[in-house]
Amino acid sequence: PLGEGAGIGASQDGLTVNITALNGSRGIRVMDSEEKGHLNNFATNMRYEMPLADDVTWAVGGGFLYGTVYDGSVAEHTNPQIFGPRNSAWDANTQLVLGPWIFEAEIARTRNPWPVTNENVTAWRTEAAHDLTWIGQPLRASASFSEGTQGPGGSQFEFNRQFVAGLRYIPHPNVTMTFEYVRSTGFAPLIDITTVSDRSVIQNSFILGLVLAI
């Protein structure tokens, strides 16, 4: 979660564990609890990475967020006065590195249904990347598919889906160039989700990026 807090962690022999105490009220999109100015929310994560062979590693991880924004009976994420019975969320993720190949998968889900839609909020993603060289410089090609579901099957606010294909090229240590194609399907915003959503929406985007480090 993105929010104010203080945490502590430890890492040894491939195992990393951390816990963060979070300031109450709304954070950026996901975290939520009753009163700001008190450490009344927390998040914890654990990850274990193990070498399997030369240039091959496998990692598994999990996380838990005590209070989420999916606790209120109104679809809204800016008013800190809107909350209900605490609704936590858990996360599980894994990563496999096979030389120049990287594969990742993740799923996150609330423990209880969101009162607005009477359904658990679930998000999952799967990604792959391949490291190459072009004209002697590093090039990464990647693809990702993700889906968030928060409504009953067949409803206008059932899902948001996204496919991304990307390239990252580093022609110089101070220069990074990126290109992405993004295809999004389904329009289900958190605000007024049950009244303004449209599952038939399709959006195609092209994104060019340039980073110069001086």
Side-chain angles (χ1 to χ4, degrees), residues 1-5 20 22-38 40-45 61-94 104-127 142-166 180-207:
L2 296 178
E4 301 169 341
T20 302
L22 297 166
N23 188 12
S25 192
R26 292 288 172 91
I28 302 299
R29 194 59 176 230
V30 179
M31 58 173 279
D32 185 36
S33 57
E34 290 84 352
E35 188 177 0
K36 191 171 184 178
H38 300 277
N40 54 20
N41 200 357
F42 75 91
T44 183
N45 286 278
F64 180 79
L65 175 60
Y66 185 45
T68 74
V69 73
Y70 301 107
D71 55 359
S73 58
V74 177
E76 207 271 358
H77 70 94
T78 59
N79 186 350
Q81 302 303 316
I82 297 176
F83 57 85
R86 193 179 299 273
N87 193 4
S88 303
W90 57 266
D91 173 278
N93 57 82
T94 186
E104 294 187 350
E106 181 178 24
I107 184 170
R109 183 176 172 88
T110 58
R111 292 186 63 189
N112 302 307
W114 184 18
V116 172
T117 63
N118 202 32
E119 295 284 337
N120 288 69
V121 177
T122 304
W124 65 270
R125 67 177 176 93
T126 180
E127 299 180 332
S142 63
S144 170
F145 182 81
S146 59
E147 179 184 61
T149 58
Q150 57 278 317
S155 66
Q156 293 295 327
F157 50 93
E158 178 186 359
F159 62 81
N160 293 289
R161 294 171 182 155
Q162 188 174 77
F163 170 76
V164 182
E180 284 186 330
Y181 162 68
V182 183
R183 181 177 176 85
S184 301
T185 55
F187 175 70
L190 183 56
I191 297 178
D192 295 329
I193 186 172
T194 59
T195 58
V196 301
S197 297
D198 185 346
R199 63 186 293 129
S200 67
V201 168
I202 298 175
Q203 177 176 294
N204 295 289
S205 304
F206 297 92
I207 304 171

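Just so it is clear, the values below take in all heavy atoms, side chains as well, and ignore hydrogens, waters and symmetry mates.
- Between Gly24 and Ser33, the shortest heavy-atom distance links the atoms CA-OG, 3.0 Å.
- Closest approach of Asp91 to Ala108, counting heavy atoms only: OD2-CB, 3.9 Å.
- Once rounded to the nearest 0.5 Å, the distance linking CD of Gln156 with CG of Asp198 reads 5.5 Å.
- Ring geometry, Phe42 versus Phe64: the interplanar angle falls from 30° to 60°, so the pair is classed tilted.
- For the side chain to side chain contact (heavy atoms under 4.5 Å, CB included) test with Leu22, the passing option among Leu65, Asn40, Asp32 is Leu65; the others fail.
- Atom-to-atom distance recorded for Ser146:OG and Ile107:CD1 is 12.5 Å, nearest 0.5 angstrom.
- With hydrogens and angles disregarded, a donor-acceptor distance shorter than 3.5 Å links the side chain of Asn160 to the backbone of Ala188.
- Minimum heavy-atom separation, Ala89 to Thr68: CB-CG2, 3.7 Å.
- In this view, Glu104 and Arg125 satisfy the salt bridge (charged side-chain N to carboxylate O under 4.0 Å, His left out) rule, not counting sequence neighbours.
- One distance of note links OH of Tyr66 with CG of Asn87; it measures 11.5 Å at 0.5 Å rounding.
- In this structure, CZ on Arg199 lies 4.5 Å from CZ on Phe159, to the nearest 0.5 angstrom.
- Panel note: side chain Gln150, backbone Phe157; a donor-acceptor pair is recorded below 3.5 Å.
- To the nearest 0.5 Å, atom CD of residue Gln203 and atom OG of residue Ser184 are 5.5 Å apart.
- Interatomic distance, CD of Glu34 versus CG of Asn41, reported as 8.5 Å (0.5 Å rounding).
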Show your reasoning for whether side-chain contact (heavy atoms from CB on, under 4.5 Å) applies to Val116 and Tyr70.
CA-CA 8 Å; Val116 172; Tyr70 301 107; over 6 Å; no

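- One N or O on the side chain of Ser155 and one on the backbone of Glu158 form a donor-acceptor pair closer than 3.5 Å.
- A donor-acceptor pair is defined here as one N or O able to donate and one able to accept, closer than 3.5 Å; no such pair exists between the side chain of Ser144 and the backbone of Glu127.
- For the pair Asn120 (side chain) and Thr110 (backbone), a donor-acceptor distance under 3.5 Å is present.
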Assess the residue pair Arg109 and Trp124 against the criterion (side-chain contact (heavy atoms from CB on, under 4.5 Å)); give the C-alpha distance rounded to whole Å, side-chain angles, the decisive distance to 0.1 Å, and a yes or no.
CA-CA 9 Å; Arg109 183 176 172 88; Trp124 65 270; over 6 Å; no

